[in-house]
Undergrad: 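Just dropping this structure here.
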Amino acid sequence: SPFSAPSWEMSLKRRAIGVGTAMIRLQSRRHQSSMILKTINGVSAPLPRAVDKSPSGALAPHKLKELTFEENITLRKKHLAPSLRAHYANSKSGPLKLVSGAGQYLFDNNRRRYLDCVNNVCHVGHTHPRVVQAAAAQLSILNTNSRYLHDNIVRLAQGLADRMPDPLQSVFFVNSGTEANDLALRLARNYTGRQDVYCVDGAYHGHSASTLAISPYSKYSSVEMPAGAVKLTQPDVYRLGGTESSVTASSLAEYAALLSAGNQMPAAFIVESLMCCGGMVKLPEGYLRGMYELTRSHGGLTIADEVQTGFGRIGTHFWAFEPHGVVPDIVTVGKPFGNGFPLAAVVTTREVSEASNNFEYFNTFGGNPVACAVGLEVLAVIDDEKLQQNALETGQYVCELLKQVQQRQERVGDVRCSGLMMGVELVLDPVTKTPDAEGAAYVMARMKDAGVLVSTDGPLRNVLKMKPPICFASEDASTLANVMDAALSELPPLQRQLKVQNLNNTADASQPDAFEAVAAMLVRHGTSELSARGTCPAQSAVSEMIRRQR
């Protein structure tokens, strides 16, 4: 393990940190339970603890022998559902058997180190000592449900609300992003009295029945939209081939037309502030503001899914909806909140939460003292270690490096970055943008062989997706870019003959800047001449500029 195991005495000392424990006394007798006497805020609280003596005589937890790789695979196939697929299962070396982690690194059963660019759950780093200690300390004192008063839950609610814009002040604690989005839908439908929810193609909001219904991301569910869900076009500027303003305009027009029909009035409009599973698609400028205005003008609520994007990951802001200049009615958060511990939340307005007073919301584990202790420590670590600033600076650096890879590698059609959220889209043709899912899978596998973990995603499975812990460093950025560059270089060259059709539809002889841009793109991808020059002035102009630039 990257961190040495502490002694029992040191463990007790660490567990006392930050929870107001003034004294811990261990009493152990033969054939009896030991007692840990804790004085907490001046109140003595004897707590029974079962004794399990190790060969050395010290208290120790029950230990299991580590399984071999083969034993693990055998038990997995026998007892786990086949739909639970292992990452890298189809690679030559097979899936990874991980045994430990530290910071931005993971270690397998052979003690080989991997740079983790996949796991956005361990937000401040794997096994962060402060987070581990916070969990252990609270677990050694009390863990119960939120129907009892406890300082941790109200402190965390306040800490989360303080990081939200007004009037988002009312907090529900749950255990996962799925639960958060499920509850958000329930709140919206209860508030509006409507059922229909508008979602965006390529979105993923969770694995419950209600959240899968609004998740057109086909990897986890049927692509057919059930009743109560309306799918809107994904505002993917690269795929749609327009400008940000034109994609925003067409998206708003589509939404307005559906609302004007009056058949399905919105309970809510939900979208990830940056579409992660959908291919790391950044929402174009003006999109979120326009969609929110349309939703509200027709009586619906707006939901920002920040389960993957929140807590400073984008660098410029703490929440990914903030750069768009909007305030949602409901925000859902999850994954990074607990740094690997099950913790998520819904934050909404007092008006929305009070509209649901006709039912009691209770979640057995949501907001338990241990989870809240972890959440408080995660927020503190982000601030103390200036990790949001690190996400900004390191994110800018890795984005520059990935764009340099794009200049060298003809298969890289687009690079999209927001802090430490990066997507690299691979294509077989830079003009037609034919997706290269096979190439993306190959690069992912080869990067794993070189000790760097990334994933592939997007509706077409051709996007290399990276969202590492936000303690990611500049040297890690260089490693990531270099290994990706090397893996891409192993792929066979693309066909260099590119076609430019209907050029006169987009440019004319009075648009030399447009011709220059097209010519530069073609030269970058190795084109020496147009495959069919034709006789139109636009094609002739571009052909001449290609010859001149080369």
Side-chain angles (χ1 to χ4, degrees), residues 1-4 87-88 93 96 98-108 110-132 276 280 308-309 311-316 336 339-340 378 381-409 412 415-424 426 440 443-456 463-490:
S1 172
F3 297 107
S4 59
H87 206 28
Y88 300 107
S93 56
L96 285 175
L98 299 176
V99 297
S100 62
Q104 59 271 48
Y105 302 105
L106 291 168
F107 300 82
D108 69 9
N110 295 315
R111 304 316 188 253
R112 183 185 179 187
R113 191 181 79 171
Y114 293 87
L115 178 61
D116 183 9
C117 302
V118 175
N119 195 331
N120 62 330
V121 176
C122 291
H123 192 58
V124 300
H126 293 279
T127 62
H128 193 290
R130 284 175 55 180
V131 177
V132 172
C276 301
M280 288 297 190
Q308 298 194 68
T309 59
F311 296 94
R313 176 168 288 281
I314 68 167
T316 56
N339 206 59
V378 169
V381 168
I382 292 172
D383 290 342
D384 295 346
E385 299 184 6
K386 297 179 172 55
L387 294 182
Q388 181 180 336
Q389 184 65 23
N390 182 68
L392 174 63
E393 295 174 358
T394 307
Q396 290 173 341
Y397 179 58
V398 71
C399 194
E400 291 173 5
L401 296 180
L402 293 175
K403 287 184 179 294
Q404 292 173 18
V405 173
Q406 181 182 21
Q407 294 299 313
R408 293 189 293 270
Q409 300 292 343
V412 178
V415 172
R416 300 185 281 270
C417 307
S418 289
L420 283 174
M421 302 193 76
M422 299 85 71
V424 174
L426 302 190
V443 170
M444 179 185 74
R446 290 297 288 140
M447 291 182 72
K448 174 219 174 188
D449 293 340
V452 177
L453 305 181
V454 301
S455 61
T456 60
V463 179
L464 297 169
K465 184 172 72 171
M466 294 144 285
K467 36 187 179 40
I470 60 172
C471 55
F472 205 68
S474 57
E475 55 267 31
D476 302 315
S478 298
T479 299
L480 169 64
N482 290 336
V483 170
M484 182 183 294
D485 199 5
L488 284 164
S489 296
E490 294 178 356

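On a predicted model such as this, the values are computed, not experimentally measured, just so you know.
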Undergrad: Are the side chains of V99 and R111 in touch, meaning some heavy atoms are under 4.5 Å apart?
TA: yes

Undergrad: Do L115 and Y105 touch side chain to side chain, with heavy atoms closer than 4.5 Å?
TA: yes

Undergrad: Flag the pair L96 / K448 as yes when at least one side-chain heavy-atom distance between them is below 4.5 Å, and no otherwise.
TA: yes

Undergrad: Do L426 and V412 have side chains that approach each other closer than 4.5 Å (heavy atoms only, starting at C-beta)?
TA: yes

Undergrad: Counting C-beta onward and ignoring hydrogens, is there a side-chain heavy-atom pair between M280 and M422 closer than 4.5 Å?
TA: no

Undergrad: Output yes when a side-chain donor or acceptor of D108 lies under 3.5 Å from a complementary backbone atom of N110, and no otherwise.
TA: yes

Undergrad: Hey, what do you get for CZ (R313) to CD (Q308), rounding to the nearest 0.5 Å?
TA: 9.0 Å

Undergrad: Is a side-chain N or O of N339 found less than 3.5 angstrom from the main chain of V378, in a donor-acceptor match?
TA: no

Undergrad: Could you tell me which residues satisfy salt bridge (charged side-chain N to carboxylate O under 4.0 Å, His left out) with R408, sequence neighbours excluded, listed by chain and number?
TA: D485

Undergrad: side-chain contact (heavy atoms from CB on, under 4.5 Å) between C417 and V398: does it pass, once the steps are laid out?
TA: CA-CA 9 Å; C417 307; V398 71; 5.7 Å; no

Undergrad: In a table with atom names and distances, give each donor-acceptor pair under 3.5 Å that connects a side chain of residues 464-475 to protein atoms at least two apart or in another chain.
TA:
from: K465; atom 1: NZ; to: D457; atom 2: OD2; distance (Å): 2.6
from: K467; atom 1: NZ; to: V118; atom 2: O; distance (Å): 3.0

Undergrad: What closest approach, in Å, do C276 and T309 show between heavy atoms, and which atom pair accounts for it?
TA: SG-CG2, 3.8 Å

Undergrad: Atom OG1 in T316, atom CD in Q396: separation rounded to 0.5 Å?
TA: 9.0 Å

Undergrad: Out of curiosity, Q409 CD to Q404 CD, how far, rounded to the nearest 0.5 Å?
TA: 12.5 Å

Undergrad: Which heavy atom in A477 sits nearest to a heavy atom in Y397, and how many Å separate them?
TA: CB-CD2, 3.7 Å

Undergrad: How would you list, by chain and number, every residue that makes a side chain to side chain donor-acceptor pair (under 3.5 Å) with Q104, sequence neighbours excluded?
TA: D476

Undergrad: How close do R416 and V463 get, counting heavy atoms only, and between which atoms?
TA: NH2-CG2, 3.7 Å

Undergrad: Roughly how far, to the nearest 0.5 Å, is NE2 of H123 from CD1 of I382?
TA: 4.0 Å

Undergrad: Measuring only between side-chain heavy atoms, which start at C-beta, is T127 closer than 4.5 Å to S100?
TA: no

Undergrad: Between the main-chain N or O of I314 and the side-chain N or O of S418, is there a donor-acceptor pair closer than 3.5 Å?
TA: no

Undergrad: Write down the atom of G312, the atom of A391, and the distance for their closest heavy-atom approach.
TA: O-CB, 3.5 Å

Undergrad: To check you understand the geometry: which heavy-atom pair defines the closest contact between R446 and A487, and what is its length?
TA: CB-CB, 4.0 Å

Undergrad: Heavy atoms, side chains only, cut-off 4.5 Å: are H87 and M444 in contact?
TA: yes

Undergrad: Output the distance between atom CE (M447) and atom CG (N482), rounded to the nearest 0.5 Å.
TA: 10.0 Å

Undergrad: Would you say the side chains of H126 and D116 form a donor-acceptor pair under 3.5 Å?
TA: yes

Undergrad: Hey, are the side chains of L480 and L401 touching, using non-hydrogen atoms and a 4.5 Å cut-off?
TA: no

Undergrad: Begin with the C-alpha distance, continue with both residues' side-chain angles, and end with the deciding distance and a verdict on side-chain contact (heavy atoms from CB on, under 4.5 Å) for Y88 and L453.
TA: CA-CA 10 Å; Y88 300 107; L453 305 181; 3.5 Å; yes

Undergrad: Quick one: closest heavy-atom pair of R112 and D449, and the distance?
TA: NH2-O, 2.6 Å

